[in-house]
Amino acid sequence: KAGVTQTPRYLIKTRGQQVTLSCSPISGHRSVSWYQQTPGQGLQFLFEYFSETQRNKGNFPGRFSGRQFSNSRSEMNVSTLELGDSALYLCASSLEGSLNEKLFFGSGTQLSVL
Amino acid sequence: GQQVMQIPQYQHVQEGEDFTTYCNSSTTLSNIQWYKQRPGGHPVFLIQLVKSGEVKKQKRLTFQFGEAKKNSSLHITATQTTDVGTYFCAGSGGYQKVTFGIGTKLQVIP
């Protein structure tokens with residue numbers, strides 16, 4: 001069974017630009033969550049999608065948005081990039097997204113904003 | 001909102017020494033999970049604890065869930081270089097989303 005796939009693996013952007021990251025969950029998994037990881041901040045929850053609907057949202061500005069498609073693949077978009085958005089963005093999938101399910105993480109997208 | 005504190009943030013140990021990381025939640029948890037992230041890698045699920053006072057072992061790793069279900073610990077006996085990485089706890093309570101601790105970065109000196 002293929003794992004969680006994130007593309008691209010690395011991205012370099014400049015301030016003010018926008019970026020779209022992609023996540024393909026494990027086959028059969030309907031829940032996809034996104035996390036921002038920075039040194040000293042750990043894993044910060046961005047949002048969770050289930051059956052094409054955003055079910056939970058973290059404390060990030062509206063510049064961060066996402067969506068999920070009917071095949072459970074998810075995209076995350078960041079508009080008007082700021083230097084502080086430089087981070088590793090991880091997505092994680094699970095079957096139903098219930099709180100007692102383990103999360104399967106992708107390898108992440110390393111975003112650098114110059 | 002729910003907060004999960006994890007200490008220490010960094011730990012250097014000599015190979016063969018023991019290591020412990022602690023998590024404390026501001027609220028009672030339904031369960032707590034532990035993940036390990038190797039350098040340059042992504043978090044990988046280790047274990048889940050659900051019951052009050054639960055203790056689980058995986059070879060040299062011992063996981064505990066507090067009686068009040070507000071704290072947890074991970075103890076590694078006789079660390080090896082393969083234990084290097086960052087260990088995260090992740091707690092969830094009620095209908096809230098999973099909240100990750102900041103992680104403990106373990107360095108093992110050969």
Side-chain angles (χ1 to χ4, degrees), chain A residues 1-7 9-10 21 23-26 29 31-50 53-60 64 66 87-111, chain B residues 1-10 21-25 27-51 54 56 58 63 65 69 72 85-107:
Chain A
K1 212 177 200 181
V4 179
T5 304
Q6 288 189 250
T7 57
R9 187 72 179 87
Y10 301 95
L21 313 181
C23 173
S24 293
I26 290 172
H29 284 193
S31 170
V32 174
S33 300
W34 288 89
Y35 292 85
Q36 182 195 65
Q37 185 175 26
T38 54
Q41 291 293 320
L43 288 157
Q44 301 289 311
F45 173 76
L46 282 154
F47 27 65
E48 184 232 352
Y49 284 87
F50 178 81
T53 302
Q54 188 181 87
R55 197 158 62 172
N56 273 304
K57 190 177 188 310
N59 298 321
F60 278 81
F64 292 81
L88 178 66
Y89 289 89
L90 292 161
C91 82
S93 77
S94 64
L95 277 169
E96 302 287 334
S98 65
L99 297 179
N100 62 354
E101 287 182 326
K102 61 182 178 182
L103 298 174
F104 294 83
F105 283 87
S107 297
T109 294
Q110 184 68 53
L111 172 64
Chain B
Q2 179 179 285
Q3 291 185 347
V4 176
M5 281 73 72
Q6 188 173 358
I7 57 168
Q9 201 167 334
Y10 303 95
T21 173
Y22 301 89
C23 273
N24 285 289
S25 170
T27 59
T28 302
L29 300 170
S30 300
N31 61 63
I32 194 155
Q33 298 176 341
W34 286 90
Y35 292 80
K36 176 183 179 182
Q37 184 174 24
R38 293 182 188 276
H42 56 275
V44 175
F45 175 84
L46 292 175
I47 209 160
Q48 176 172 272
L49 305 170
V50 178
K51 299 176 184 174
E54 189 169 16
K56 287 189 176 181
Q58 287 181 350
F63 305 83
F65 201 9
K69 299 183 75 174
S72 181
T86 301
Y87 293 84
F88 293 95
C89 61
S92 55
Y95 295 99
Q96 294 196 45
K97 63 187 182 299
V98 174
T99 302
F100 279 80
I102 200 167
T104 297
K105 187 173 184 178
L106 172 64
Q107 297 271 40

Exercise. Heavy atoms, side chains only, cut-off 4.5 Å: are Pro43(B) and Lys36(B) in contact?
Worked result: no
Exercise. Which residues pass the ring-ring contact (aromatic ring centres under 6.0 Å, His included) test with Phe60(A), sequence neighbours left out?
Worked result: Phe64(A)
Exercise. Heavy-atom distance under 4.5 Å between the side chains of Tyr10(B) and Thr104(B), does that happen here?
Worked result: no
For this session: Quick one: sort the Tyr35(A) and Phe105(A) rings into parallel, tilted or perpendicular, breaks at 30° and 60°.
Result: tilted
Exercise. Tell me, side chain or backbone of Glu48(A) under 4.5 Å from chain B's heavy atoms, or both, or neither?
Worked result: neither
Exercise. Of the backbone (N, CA, C, O) and the side chain (C-beta and beyond), which part of Gln37(B) lies under 4.5 Å from a heavy atom of chain A, both, or neither?
Worked result: side chain
Problem set entry | Proximal component of Tyr35(B), with respect to chain A [non-hydrogen, under 4.5 Å] | side chain
Problem set entry | Side chain, backbone, both or neither of Gln6(A) within contact of chain B (heavy atoms, under 4.5 Å) | neither
Exercise. What part of Leu90(A) lies closer than 4.5 angstrom to a heavy atom of chain B: side chain, backbone, both or neither?
Worked result: side chain
Problem set entry | Residues that Tyr49(A) engages under ring-ring contact (aromatic ring centres under 6.0 Å, His included), provided they are two or more places apart | Phe47(A)
For this session: Measure Gln110(A) against the heavy atoms of chain B and call it side chain, backbone, both or neither at under 4.5 Å.
Result: neither
